[in-house]
Amino acid sequence: MPELSNLLRERLGAAESGAGVHPDADTLTAFNEKLLPANERQKIVGHLAKCVECREVLALSDPHVADSPMQPVIKPVAVPAWRRFFAPALGLGASVAAMAVIALVMLQSPHKQGPVSSPGNQEAKVIPSVPKPLADQERGAEVNQPLPDQPAAIQSSHVAEPAPSMSNVNANNVNADDRGRSESLKAASNVSELKANKDSATKKKIVPVAEPVLTASLPGRDFVNNNLFAVQTSNVVSVVEQDKKDFPAHSQTAAAAAAFPANGADKLTMFSDIPANVAAGKSDTGILTPIPPADHAGFITKWVQAGTRTLRKGTLSPSIRAGTLGSSALGGPGMFAFDLQRRQPAEVSATPEKAEAGGLEKSGALSRRALSSSTLRFQESGAVQWKVAGGKLLKSNDQLQWVDAYPAASGGLEFFSVAWHGSDVWAGGGRALLVHSRDGGLTWEDIKIGDATGSIVSIVAGSLNVQVRTADNQVWSSADAGKTWVQQPTGTDR
Amino acid sequence: MSAGPRPEETGALSVRMLFEKSGGERYGLTLQAFELILDQVAMKYLPAAEPRQRLEFCRDLKLEELALARACAAGHDAAWQSFLTRYREKLYDIARGITKEDSSARDLADSLYADLYGTVERDGKRLSRLNFYMGRGSLEGWLRTVLAQEFVNRYRKQKRLVSLEEQAEDGVQFSAAAPGPTSPLDSRLGSALDEALGQLSGEDRLVLASYYLDNRTLTEIGRIVGVHESTISRRLEKLLKGLRKQIMAGLVARGMNRGQAEEALEADVRYLQVDVSKKLQENRPAAFQQDKGSG
């Protein structure tokens, strides 16, 4: 009834003109406190119905109104400290900080991250930081100086071989079995000196020992990042070239490479037909690890850039593992690691630190064979090291002084390869000569390898299993420490 | 009648009892002074009552607070100490609750303190406002009411002394001219409404006035009347229906038929709000108006 309401307002207001005498404060108080008698209360109510002032006073003196607090001032509610982290600005800042931390971790991870398995093949093995095998080092040099009669496929395939890492530099000191590699040996000797100093400072420091990687046969070259390898290899070679005058002329590289069969696509079939693990029947697929990028090349790149061989211990960088290389070079884990052909031997030649071996074993990224004692070697300070240089078999206890470990070879016998496992030492030379020492080189025995022909250019030795490859592309394996030998079919045979 | 005491004896006894009950002796009051206070109170509210009725009336007073207030008005220090202890902060709180602003509350409370203490003297005696406290309600309630009265008085004074700038800010000077006194379309409607309102009780009129004139909430009206707000809501609805019925009956009684009475109530809307028909007539095209006028 809006119309009646308006009319009421008008008439009620007009009726208030004759309110009469106002009640005093005592009476209003008594009315408010319901203390007035009924008749007097009715009088007050009648007056209040007509007196707006008294109604106002009565309303203001209402205890509920008068005692009510002042109008509250709106204040921002205190936000708990922990909730501030969820504020948009702080949240954004925290996100940025988190991303920065992640980026830092990613940048630092190549030195700490473990290998990862190839996503495409569950049986694939990731070869962590492959120590520089002797043949690989030679191939690095051969890139700049290819043999005239060597097929281009071989050269390109050699480029695809793993490039040396820091541990590979140490491997130069150990596995240089080529006389033509004397310059790299000299350069490596400097590294050995540095390493010796480092080892003397930290006696318990575990240094990965160079282990020759069995070169796998590549079914195609499409997986090879030639540019990356070329850059890296050229760096290494440039080092060698820079100090060429200090190094003796090489001869072994050309000889060994010339002995390889140049048969097209199977040029890199070294050990490709050898079962990965004859005894245990384990996985036989391996992943070739690419070389680290330039910024991970450790001291080598800096060495070249500085134009001096002054080395400092601090510049030594740890080995680069396959997973980290694939991640850092091409932006994704495993992208740069490619599977080798099945039934190829998988070898892990080195691991950066002994402390990480346990983690690798637990990770499952590497096969048991890859983590076996025959392929994982650690050079402790004072351990005997072997190498072939100038056709001679040399050993050293401190990597500073090398002595001829097989004087009988001075009679014209040349050694091309050496492998050892503990005190068992296997050395291969010309005319399929294989010698074996069970006591660390004190006594030697000649091993007859069936009808093997050609020089033994590579040896893979375990506690019982031994595999050798000759320059005639013959692969022989023994599962009883050299007592009996079986020739394995090669890639060309298949 | 020998069993019972005489009325004079009963009255004398009652005054002494009331004095003892008040505790006025603590504040330096004597029995005679207290009896004068009670006579003053009884004369104000029950001037024609008998002594017995006066004593019964005085028995229901807030005797302790009355004695305190009058002792303060008489200038007893002990009474002032007690008064300040009990009501000083409370008075500020009450003032703050009324003014909703701290400085105004301080000002309001301080001015009342001055009145309570008695800054004005007459015939060598301070005139304290506490002398007007009669003890019918609590002293705190009385202080609250006095503060509210003082606040309303100040507001009314300030309304009369509004500066021209404030009027300009309020738009008073530029406001439209107030419409002249207009009478209802039919005087019978007003008389019928007045007759209906006159038949309402005082409490019903208080409810209507508080709701329609003072814009009080149902809760506030309920506290004034002493009932629940839902009761006020139902009462308002019932009152409006009854008023409409009585107005309709009054209009019929004044010679209108029912249709005309309904039209008179609806016409009130046009009268009070906006003369819509007039406005529409002004905005209509001239040709249409001519057609309307010709037709």
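Letters A, B, ... mirror the listed sequences (proteins, then strands); counts begin at 1.
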Open item on the list: Between B:F132 and chain A, with a heavy-atom cut-off of 4.5 Å, which part of the residue counts as in contact: side chain, backbone, both or neither?
Closed with: backbone
Task: chain B contacts, top residue of A:G46, A:A25, A:A30 (heavy-atom pairs, under 4.5 Å) - done: A:A25
Task: Any residue of residues 37-44 of chain A which, by heavy atoms, sits under 4.5 Å from chain B - done: A:P37, A:E40, A:R41
Open item on the list: Counting heavy-atom pairs under 4.5 Å with chain A, which one of B:D204, B:I224, B:L147 comes out on top?
Closed with: B:I224
Open item on the list: Is a donor from one side chain sitting under 3.5 angstrom from an acceptor on the other, for A:T29 and B:R136?
Closed with: no
Open item on the list: For B:D60, give me all partners under salt bridge (Lys or Arg N to Asp or Glu O under 4.0 Å), at least two apart in sequence or on another chain.
Closed with: none
Open item on the list: I'd like to check the salt bridge (Lys or Arg N to Asp or Glu O under 4.0 Å) partners of B:K44; sequence neighbours left out, ordered by chain and number.
Closed with: A:D24
Open item on the list: Can you tell me which portion of A:E56 sits under 4.5 Å from chain B's heavy atoms? Options are side chain, backbone, both or neither.
Closed with: both
TODO: Please lay out, stage by stage, how A:D62 and B:R144 fare under the test salt bridge (Lys or Arg N to Asp or Glu O under 4.0 Å).
DONE: CA-CA 8 Å; A:D62 184 4; B:R144 183 179 288 114; over 6 Å; no
Task: Side chain, backbone, both or neither of B:V207 within contact of chain A (heavy atoms, under 4.5 Å) - done: neither
- [ ] Determine, for B:D93 against B:R96, whether the closest basic-nitrogen to carboxylate-oxygen distance falls under 4.0 angstrom.
- [x] yes
Open item on the list: Quiz question: by atom type and distance under 3.5 Å, do the side chains of B:E229 and B:T231 form a donor-acceptor pair?
Closed with: no
TODO: Kindly write out the residues that satisfy salt bridge (Lys or Arg N to Asp or Glu O under 4.0 Å) with B:E89, not counting sequence neighbours, or none if the list is empty.
DONE: none
Task: Polar side chain donor-acceptor pair, B:Q40 to B:R70, under 3.5 angstrom - done: yes
Open item on the list: Checking the side chain of B:Q199 only, and the main-chain atoms of B:A196 only, is there a donor and an acceptor separated by less than 3.5 Å?
Closed with: no
Open item on the list: If I measure from the heavy atoms of chain A, does B:S138 come under 4.5 Å with its side chain, its backbone, both, or neither?
Closed with: both
